[in-house]
Amino acid sequence: MSNVICYLNPLASSSERHHFFFSEKIQETTYTRLCNKTKNILTVNGSYPGPTISARKGDTVYVKVINRGNKNITIHWHGINQPRDPWSDGPEYITQCPIQPRANYTQRIQFTEEEGTLWWHAHSEYDRATVHGAIVIYPKLGTTFPFHKPHKEFTLILGEWWNENITDVYQSVIHAYGSHFKLSDANTINGQPGDFMPCSSNETFKVQVEQGKMYLLRVINAAPENDFLFAVSGHNVTVVGTDASYTKPYLNEFIIITPGQTMDLLLQANQLQNSSSPFRYYIIAHTYFDGTSKATRDLNMTVAILEYKTNHSAASLRPIFTSLPKYNDTNASDAFTRGLRSLANSDDLAVVTQTADVKMYITLSANTQMCHNISCLGPNNTRLATSMNNASFQTPKIDVLDAYYNSIAGVYTTDFPDQPPNFFNFTGDTNQENLAFVDKSTKVKVLEYNSTVEIVFQGTNLEYGDVTHPIHLHGHRFYAVGRGTGNFDNKTDPLSYNLVDPPHQNTLGVPKNGWATIRFRAANPGVWFMHCHLETHTIWGMDVVFITKNGNSAEEKILPPPADKPPC
């Protein structure tokens, strides 16, 4: 399991603002999985998953990223707002040019609002498959959790493993075939496929608990492609946080977690009653996927093991297994998601904007584009693409932040549309092939400082786009105020919005054949990426950039760039 690389100072006063400094070294490391499938993977400090960053709310952490790998890379601090400092946010060619081999870049992480579990990951090509790790933000000294302090905590990072070199997987699609990415060979918990995969049972990740005690599970979905149904056999879990924001306690048999999301779960160890009772239980992560056959997923189950400490000697028992909802049970998914609520009490007010200055209606589609290589394997020899409002994002060669800050012309245009160019039955059974084609462009949306924004995301059935899309917004957390099935109705559906205690998140799943609405305040000046967190969809163009303009005072303006920012 990953090692902690930023320690808390237990002797510091509650009013002190802590500053920590440490290094992350990107390097090639040899790993073996699935019956001696040995290969070199990119890691941080030789660890897969990578090391955990541990700090308190209010701390500032400086990370020197040292690239000793053989390729360009960037690192993103997922869910950290980074107030006024997009220079440290990390997405390649959006807020920085990549860190080249043998180069360094020091990034600043400001934990201003976040408290709970987040994560960091590579934000270039397909490298977050192995370059990722947890971020744990504890309450400020003198404050505590809004629930009883757990006896112990465990971090469980859900991921995917490819036997092939991940760079080869990326290059074969981007530069040759223009079709689907190769499916992963296994899903993982803390880097291990678990008991049900070949040659993997000896390394299955284990957690040990004591009867009667409470534990905190920090669950992170770091998978490039897969949503997961997650459960602990024989136990219920209580959701107490999502995306480093506390929730009302929500007891359930399972959770559904999309790529990019994090959840904090309380687990009561209440199953071992005497020495004759079963005392080992599977922790299960199974792919949740309700898409079409044109967009397949790795459905392999991955497991870890929860075992009870006991003073009695007994033969090792095969862990107890609990069944989960079917992998495509949309009713279970919708019911779980609707149960998430923010605390919305005197200590954690849900400040939901009751009106919006900017209203956007954004369709999420899988598309095609012309192929300049006859070998392209998309429909009718086209290349696969994705889009928002039929605009498929083209990554520039100069990062958008530099272009904006230094007024460099020709890098992007400011005409990202507030609504799709064509309206049709987005979730109908008839495929609108004539609307599937897109051109590439680099469009951004400019927001006035402190404006309130509402976005309705609409799923569509263009081509194979009939999947859940996990949408992630950089630089902000938003309130997920509504969701539903079918096409959004702007007269009746807003009547169902939750403007009292909606969950406060940075990533949400837009349901298959449905819609979801978010609201946020654009009070963070800078350049901020918004994209689907399915890695293929990000690469293919389901992205947009928001530019939030400066406010009037010095505290409302973007900070100047650091001296060591990577060159293009």
Side-chain angles (χ1 to χ4, degrees), residues 1-5 24-52 66-71 73 75 101 119-122 124-134 154-173 181-208 219-226 228 230 259 280 282-287 297-307 316 318-319 535-536:
M1 178 52 185
S2 57
N3 57 307
V4 175
I5 54 175
E24 283 194 345
K25 183 185 290 185
I26 310 294
Q27 62 190 69
E28 292 270 344
T29 308
T30 301
Y31 271 78
T32 302
R33 296 288 185 272
L34 302 178
C35 301
N36 297 319
K37 300 295 192 303
T38 300
K39 65 173 184 175
N40 284 342
I41 63 173
L42 272 183
T43 67
V44 169
N45 299 351
S47 178
Y48 165 68
T52 296
I66 304 167
N67 189 358
R68 295 297 178 265
N70 56 9
K71 60 186 297 188
I73 202 164
I75 301 293
W119 64 302
W120 56 265
H121 60 83
S124 47
E125 294 191 355
Y126 218 69
D127 294 318
R128 78 173 168 96
T130 59
V131 180
H132 60 254
F154 301 99
T155 298
L156 301 171
I157 301 178
L158 313 181
E160 296 177 75
W161 173 267
W162 280 259
N163 287 332
E164 260 184 82
N165 183 290
I166 202 65
T167 299
D168 292 341
V169 173
Y170 172 82
Q171 295 289 350
S172 67
V173 173
F181 280 65
K182 180 182 182 296
L183 296 182
S184 56
D185 295 286
N187 293 306
T188 59
I189 297 177
N190 289 344
Q192 297 294 343
D195 279 10
F196 301 143
M197 295 301 293
C199 309
S200 300
S201 59
N202 289 341
E203 303 299 325
T204 299
F205 185 78
K206 297 178 178 65
V207 301
Q208 196 170 71
V219 183
I220 299 166
N221 188 348
E225 301 299 328
N226 287 340
F228 287 106
F230 174 93
R280 303 178 83 226
Y282 275 125
I283 300 170
I284 308 166
H286 189 286
T287 307
R297 290 291 185 272
D298 172 9
L299 295 178
N300 289 312
M301 181 185 301
T302 180
V303 294
I305 294 174
L306 180 146
E307 57 187 14
S316 179
R318 186 171 182 84
E535 201 72 355
T536 50

| request: With side-chain contact (heavy atoms from CB on, under 4.5 Å) as the test, would you mind laying out the steps for Ile189 and Leu158 before giving the verdict? | output: CA-CA 5 Å; Ile189 297 177; Leu158 313 181; 3.8 Å; yes

Open item on the list: I'd like to know whether Glu125 forms a side-chain hydrogen bond (donor to acceptor under 3.5 Å, both in side chains) with Thr167, so could you lay out the CA-CA distance, the side-chain angles of the two residues, the decisive distance to 0.1 Å, and finally the verdict.
Closed with: CA-CA 8 Å; Glu125 294 191 355; Thr167 299; 4.9 Å; no

Sorted by chain and residue number, the side-chain hydrogen bond (donor to acceptor under 3.5 Å, both in side chains) partners of Asn300 (sequence neighbours excluded) come out as Asp298

task: Just say parallel, tilted or perpendicular for the rings of Tyr48 and His132, cut-offs at 30° and 60°.
output: perpendicular

message: One thing to verify: whether Arg33 and Asp185 come together as a salt bridge, which I'm taking to mean a side-chain N less than 4.0 angstrom from a carboxylate O.
response: no

- prompt: Around atom NZ of Lys25, are there more than 12 heavy atoms of other residues, nucleotides or ligands at under 6.0 Å?
  reply: no

Across all chains, not counting sequence neighbours, the side-chain hydrogen bond (donor to acceptor under 3.5 Å, both in side chains) partners of Glu535 are Arg128

dist Asn163:CG -> Thr32:OG1 (nearest 0.5 Å) comes out at 10.5 Å

Shortest non-hydrogen pair, Thr29 vs Gly46, comes out as OG1-CA, 3.5 Å

Check the orientation of Phe181 and Tyr170. Use parallel for under 30°, tilted for 30 to 60°, and perpendicular for over 60°. tilted

Minimal heavy-atom distance between Pro198 and Cys35, with the atoms involved, is CB-SG, 3.5 Å

Looking at side-chain heavy atoms only, is the closest gap between Leu306 and Phe154 below 4.5 Å? no

Smallest heavy-atom separation, Glu24 atom then Ile75 atom, equals OE1-CG2, 4.2 Å

In terms of heavy-atom contacts, Pro101 and Asn67 come closest through N-ND2, 3.4 Å

Separation between CD1 (Ile166) and CG (Asp127), nearest 0.5 Å, reads 8.0 Å

Given the rule in the side-chain contact (heavy atoms from CB on, under 4.5 Å) test, do Asn221 and Phe230 qualify, once you have shown the distances and angles that lead to the verdict? CA-CA 10 Å; Asn221 188 348; Phe230 174 93; over 6 Å; no

Close side-chain approach of His121 to Val131, heavy-atom, < 4.5 Å | no

Residues Thr188 and Glu160: closest non-hydrogen pair is OG1-N, 3.6 Å

Output for pair (Thr43 OG1, Tyr31 OH), nearest 0.5 Å, gives 6.0 Å

* Asked: Does a side-chain heavy-atom distance below 4.5 Å link Leu34 with Pro193?
  -> yes

Subject >> Heavy-atom donor-acceptor pair, Trp119 side chain to Ile157 backbone, under 3.5 Å >> reply: no

- Query: Does the side chain of Asn190 reach to within under 4.5 Å of the side chain of Leu156, using non-hydrogen atoms?
  - Reply: yes

Value for OG1 (Thr287) from CG (Asn187), rounded to nearest 0.5 Å, stands at 4.0 Å

Note: Tyr126 and Pro224 closest approach over all heavy atoms is OH-CB, 4.0 Å

Residues pairing under side chain to side chain donor-acceptor pair (under 3.5 Å) where one sits in residues 195-205, two or more places apart or in two chains, turn out to be Asp195-Thr204, Asp195-Tyr282

Checklist entry - Are the side chain of Thr302 and the backbone N or O of Ala285 linked by a donor-acceptor pair below 3.5 Å? => result no

In this structure, NZ of Lys39 is separated from CD of Glu28 (nearest 0.5 Å) by 10.0 Å

- Query: Under 4.5 Å between any side-chain heavy atoms of Phe205 and Ile283, yes or no?
  - Reply: no

So CE of Met301 and NE2 of His286: to nearest 0.5 Å the spacing works out to 4.5 Å

Next on the checklist: Could you go through Trp161 and Ile41, starting from their C-alpha distance and side-chain angles, then the distance that decides it, and tell me whether this counts as side-chain contact (heavy atoms from CB on, under 4.5 Å)?
Outcome noted: CA-CA 11 Å; Trp161 173 267; Ile41 63 173; 4.2 Å; yes

Before you tell me yes or no, could you show the steps for Trp120 and Val44 under side-chain contact (heavy atoms from CB on, under 4.5 Å), namely the whole-Å CA-CA distance, both residues' side-chain angles and the distance that decides it to 0.1 Å? CA-CA 11 Å; Trp120 56 265; Val44 169; 3.5 Å; yes

